[in-house]
Amino acid sequence: MKNEYIELPVATADGHFVARYSEKGLAGLSFPAARASARAVKPAEIPSQIRAWHRATESALKKILAGNQPKEFPPIELTGTDFQKSVWRQLQKISAGKTKSYGEIAQAIGKPKAVRAVGGACGANPIPVLVPCHRVLAANQKIGGFSGGMHWKRSLLTREGVRVKD
DNA sequence: ATCTTAACTGTGT
DNA sequence: ACACAGTTAAGAT
């Protein structure tokens, strides 16, 4: 398989995230690995297009980590099933400091009973943080789960001024 | 208020 | 076909 993906590190106060770009835009984002595998990439080898996207990614990521709403996002390339893309699209409509429940997302995409499947789609989200899967709480403001680690979800929500039960 | 159960849907094997 | 998942609402204790 011809992998056109380019991975670039994003240095933040929380560690080095890794952004993955396809030809269409940002396609994936990983939380800082315990063993930071910061591979050095020569700037000259990176297409200017991607460098521009990366600049936007870096900016947006840092703002969210600080609990603020980014004014601009890099182009995002979502790869997944139609259902998942529908869910992820709804997630992007949730601004910083706001939350929605799995049930509300399900209802928003016209499948009110698919609440559980929505949870699955969130867990399959390739771009955490920028596609705010962490702003989705269970019913009654209870914190649900989080694939990338519960501490991230809690921390991010706290920074955005959101209070969760427990 | 906490625990147990049953309903429901999308996805991976 | 089967089991699981980042759920939920309802019923029992």
Side-chain angles (χ1 to χ4, degrees), chain A residues 1-5 7 9-10 12-37 57 60-70 73-166:
Chain A
M1 14 175 154
K2 181 77 180 237
N3 226 2
E4 293 278 340
Y5 290 120
E7 294 184 343
V10 184
T12 74
D14 294 279
H16 289 71
F17 284 68
V18 176
R20 183 171 54 213
Y21 297 90
S22 69
E23 306 165 357
K24 300 229 172 187
L26 180 63
L29 183 66
S30 305
F31 284 106
R35 312 166 51 81
S37 57
T57 298
L61 179 58
K62 287 183 178 176
K63 289 217 170 185
I64 295 181
L65 288 178
N68 300 317
Q69 173 69 18
F73 287 90
I76 290 177
E77 174 68 9
L78 260 24
T79 57
T81 66
D82 289 337
F83 177 81
Q84 293 173 329
K85 282 188 278 192
S86 300
V87 173
W88 298 334
R89 188 178 162 190
Q90 287 300 318
L91 296 183
Q92 295 180 68
K93 294 175 60 179
I94 309 176
S95 51
K98 295 194 173 185
T99 64
K100 268 195 168 185
S101 70
Y102 294 95
E104 287 178 294
I105 298 291
Q107 189 173 325
I109 61 178
K111 303 188 177 183
K113 312 284 168 109
V115 289
R116 213 156 176 189
V118 168
C122 290
N125 173 23
I127 311 177
V129 186
L130 290 205
V131 176
C133 42
H134 62 280
R135 300 197 187 118
V136 184
L137 304 180
N140 192 30
Q141 304 303 108
K142 285 178 295 187
I143 196 168
F146 194 63
S147 299
M150 295 292 296
H151 60 289
W152 280 109
K153 185 169 184 175
R154 271 206 206 200
S155 181
L156 288 171
L157 288 174
T158 299
R159 297 178 200 184
E160 296 180 5
V162 176
R163 263 268 201 71
V164 295
K165 238 206 148 186
D166 184 51

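Chain letters run A, B, ... following the sequence lines, proteins first, then strands; residues in each count from 1. Side chains included, hydrogens not; waters and symmetry mates left out as well; all remaining heavy atoms used.
When the C1' atom is used for both B:dC8 and C:dC4, the distance is 13 Å, rounded to whole Å. For C:dA5 and B:dA7, the C1' atoms lie 15 Å apart once the distance is rounded to whole Å.
With both pairing distances under 3.5 Å, C:dG6 is matched to nothing as a Watson-Crick or G-U wobble pair. Of all nucleotides present, none satisfies the Watson-Crick or G-U wobble test against B:dC8 with each distance under 3.5 Å.
A:V136 comes within contact range of at least one nucleobase, with a heavy-atom separation under 4.0 Å. Among the protein residues, A:F83 comes within range of the sugar-phosphate backbone only, with heavy atoms under 4.0 Å from sugar or phosphate atoms but none that close to a base. Looking at heavy-atom distances under 4.0 Å, A:K111 makes contact with sugar-phosphate atoms alone, never a base. At the heavy-atom level, A:A117 lies under 4.0 Å from base atoms of the strands shown. Across all strands, A:G120 comes closer than 4.0 Å to no nucleic acid atom at all (heavy-atom distances). Counting any heavy atom pair closer than 4.0 Å across all strands shown, A:G145 reaches a base atom.
Atoms NZ (A:K165) and P (C:dG6) sit 22 Å apart, rounded to a whole Å. Distance NZ (A:K113) to P (C:dA9): 11 Å, rounded to an integer number of Å. The distance between atom CD of A:Q84 and atom C1' of B:dG10, rounded to the nearest whole Å, is 8 Å. Note: CD (A:Q141) to P (C:dG6) measures 20 Å, nearest angstrom. We find that CG of A:D82 is positioned 8 Å from P of B:dT11, with the value rounded to whole Å. The CZ-P distance, from A:R135 to C:dG6, rounds to 20 Å in whole Å. Rounding to whole angstrom units, CH2 of residue A:W88 and P of B:dG10 are separated by 15 Å. Rounded to an integer number of Å, the gap from A:K100 NZ to C:dG6 P is 21 Å.
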Next item on the list: Evaluate side chain to side chain contact (heavy atoms under 4.5 Å, CB included) for A:L78 paired with A:Q92, printing each intermediate quantity in order.
Entry: CA-CA 12 Å; A:L78 260 24; A:Q92 295 180 68; 3.6 Å; yes
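A donor-acceptor contact shorter than 3.5 Å is absent between the side chain of A:W88 and the backbone of A:A124. A:K153 contributes a side-chain N or O that, together with a main-chain N or O of A:G145, makes up a donor-acceptor pair within less than 3.5 Å.
For the pair A:L26 and A:I127, the tightest heavy-atom approach, listed with the atom from each and the gap, is O-CD1, 3.6 Å. Taking each heavy atom of A:C122 and A:Y102 in turn, the nearest pair found is SG-CE2, 4.1 Å.
Residue A:R116 has its side chain nearest to C:dA5 when only C:dG6, C:dA5, B:dG10 are considered. Residue A:C133 places its side chain closer to C:dG6 than to any other of C:dT7, C:dG6, B:dG10.
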